[in-house]
Amino acid sequence: MDSHHPAGYTISTDPTRLQLDVIHGFLRTSYWAAGIAREMVERAIRHSLCFGLYHDPTGAQVGLARVVTDRATFGYLCDVFVLESHRRRGLARWLIQVILAHPELQGFRRWMLATRDAHPLDAGAGFTPLGRPDQLMELVLRRPTGPDAVR
Ligand SMILES: CC(C)(COP(=O)(O)OP(=O)(O)OC[C@H]1O[C@@H](n2cnc3c(N)ncnc32)[C@H](O)[C@@H]1OP(=O)(O)O)[C@@H](O)C(=O)NCCC(=O)NCCS
């Protein structure tokens, strides 16, 4: 599935277009996956529905959002980024709109995500703080994501 933006960008779910150098290059410097091993990124994207954001003039990948999902009831939105030189043009907002409208991601009971500071972006798409935090739990393992993690 491809979506086109008049400013010259395309969102594609074609896994063959994903540029692992760009994705790993960003994620290993991110606050949530600092130092993540390339092999772990490769495995994660292989088993997820990924939305790549591409700059049409060059075809270069300039952003990503990854959805971990059963494609029936639930989706977890993660690894959302737009490279610095393409930010503040509404591209992340568009990326999330495209994801939420994707035909294979309809009829869910719940979407979830975690964010440190992008709440306005996600709130714009309808995400809210947990309505019933007493009914949701997490298991935080804090395992290293660096090269040791995939041995
Ligand atoms: C967050 C990020 C994806 C936004 O990309 P972008 O294309 O510049 O975002 P947009 O231009 O679509 O902006 C959408 C809205 O989110 C807001 N926003 C964007 N980045 C934000 C941030 N870091 N903190 C708070 N608000 C932010 C904008 O103000 C904008 O709101 P507005 O339209 O009401 O002005 C980008 O800054 C990024 O890649 N950051 C580093 C990675 C990251 O933090 N990802 C999110 C993890 S949850």
Side-chain angles (χ1 to χ4, degrees), residues 1-15 17-71 73-102 104-105 108-133 136-146 149:
M1 181 227 70
D2 281 6
S3 298
H4 301 282
H5 193 284
Y9 292 88
T10 296
I11 293 170
S12 174
T13 54
D14 180 353
R17 287 196 68 175
L18 294 169
Q19 296 166 16
L20 192 56
D21 286 348
V22 173
I23 299 169
H24 178 242
F26 181 86
L27 291 179
R28 70 187 173 80
T29 68
S30 68
Y31 70 80
W32 66 89
I36 190 167
R38 188 182 167 92
E39 292 76 10
M40 187 176 276
V41 173
E42 192 277 330
R43 186 149 47 103
I45 63 178
R46 184 154 34 93
H47 295 291
S48 304
L49 179 55
C50 293
F51 293 74
L53 173 68
Y54 303 92
H55 193 211
D56 292 339
T58 60
Q61 185 165 358
V62 298
L64 177 79
R66 182 165 72 84
V67 180
V68 183
T69 181
D70 59 11
R71 303 191 193 202
T73 66
F74 176 74
Y76 186 77
L77 179 61
C78 58
D79 290 348
V80 177
F81 70 85
V82 172
L83 294 185
E84 175 68 46
S85 55
H86 298 270
R87 288 182 192 165
R88 291 167 294 277
R89 296 175 197 183
L91 294 173
R93 190 175 291 282
W94 177 51
L95 187 54
I96 293 172
Q97 276 170 5
V98 167
I99 290 168
L100 295 180
H102 190 280
E104 287 187 41
L105 306 179
F108 285 6
R109 285 198 289 266
R110 175 180 273 127
W111 281 90
M112 290 193 80
L113 60 76
T115 187
R116 188 177 66 182
D117 57 11
H119 304 79
L121 171 66
D122 303 315
F127 284 85
T128 63
L130 298 181
R132 296 296 305 266
L136 285 169
M137 297 177 75
E138 62 181 353
L139 175 62
V140 181
L141 301 172
R142 302 202 191 287
R143 291 200 172 115
T145 54

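Atoms considered below: every heavy atom in the structure, side chains included; atoms not considered: hydrogens, waters and symmetry mates. Counting starts at 1 for both ligands and their atoms, in listed order.
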Taking the six-membered ring of Y31, is the NZ or CZ of R116 close enough (under 6.0 Å from the centre) and on axis enough (within 45°)?
-> yes
Does ligand 1 come near enough to [X] that some N or O of the ligand is less than 3.5 Å from an N or O of the residue?
| X | result |
| --- | --- |
| V82 | yes |
| W32 | no |
| D122 | no |

Considering only protein heavy atoms, which is closest to [atom], and at what distance to one decimal place?
| atom | answer |
| --- | --- |
| atom 46 (C) of ligand 1 | V80 O, 3.5 Å |
| atom 8 (O) of ligand 1 | R88 N, 2.7 Å |
| atom 48 (S) of ligand 1 | T115 OG1, 3.1 Å |
| atom 11 (O) of ligand 1 | G90 N, 2.8 Å |
| atom 2 (C) of ligand 1 | A92 CB, 4.3 Å |
| atom 14 (C) of ligand 1 | L121 CD1, 3.5 Å |
| atom 35 (O) of ligand 1 | R93 NH2, 4.8 Å |

side-chain contact (heavy atoms from CB on, under 4.5 Å) test vs S48 passes for just one of T69, D79, V67, V68, namely V68
Of L91, L64, D2, L95, the one forming a side-chain contact (heavy atoms from CB on, under 4.5 Å) with I11 is L95
Provide the number and element of each atom of ligand 1 under 4.0 Å from a heavy atom of [X].
| X | value |
| --- | --- |
| R89 | 11 (O) |
| D117 | 22 (C), 23 (N), 24 (N), 25 (C) |
| A114 | 48 (S) |
| F81 | 39 (O) |

Crowded around R46 CZ? As in, over 12 foreign heavy atoms under 6.0 Å?
-> yes
Non-hydrogen protein atom less than 4.0 angstrom from [atom]:
| atom | answer |
| --- | --- |
| atom 30 (C) of ligand 1 | yes |
| atom 19 (C) of ligand 1 | no |
| atom 6 (P) of ligand 1 | yes |
| atom 27 (C) of ligand 1 | no |

Does ligand 1 have any atom that is closer than 4.0 Å to a heavy atom of F26?
-> yes
Under 4.0 angstrom from ligand 1, any heavy atom of C78?
-> no
F108 ring center near F74 ring center (under 6.0 Å) = no
Can you tell me how far CG of L100 sits from CG of L77, rounded to the nearest 0.5 angstrom?
-> 7.5 Å
Trace of the side-chain hydrogen bond (donor to acceptor under 3.5 Å, both in side chains) decision for H4 with Y9 = CA-CA 6 Å; H4 301 282; Y9 292 88; over 6 Å; no
Filtering E84, R87, H86, R116 for the heavy atom nearest atom 41 (C) of ligand 1 leaves R87
Using the six-membered ring wherever Trp is involved, compare the ring planes of H102 and F51 and label them parallel, tilted or perpendicular (cut-offs 30° and 60°).
-> perpendicular
Apply side-chain hydrogen bond (donor to acceptor under 3.5 Å, both in side chains) to Y76 and R66, showing your working.
-> CA-CA 8 Å; Y76 186 77; R66 182 165 72 84; over 6 Å; no
Salt-bridge contact E42-R38 (side-chain N to carboxylate O under 4.0 Å) | no
Quick one: are T115 and H119 in side-chain contact, heavy atoms under 4.5 Å?
-> yes
State whether the side chain of H5 and the backbone N or O of A7 hold a donor-acceptor pair below 3.5 Å, judged by distance alone.
-> yes
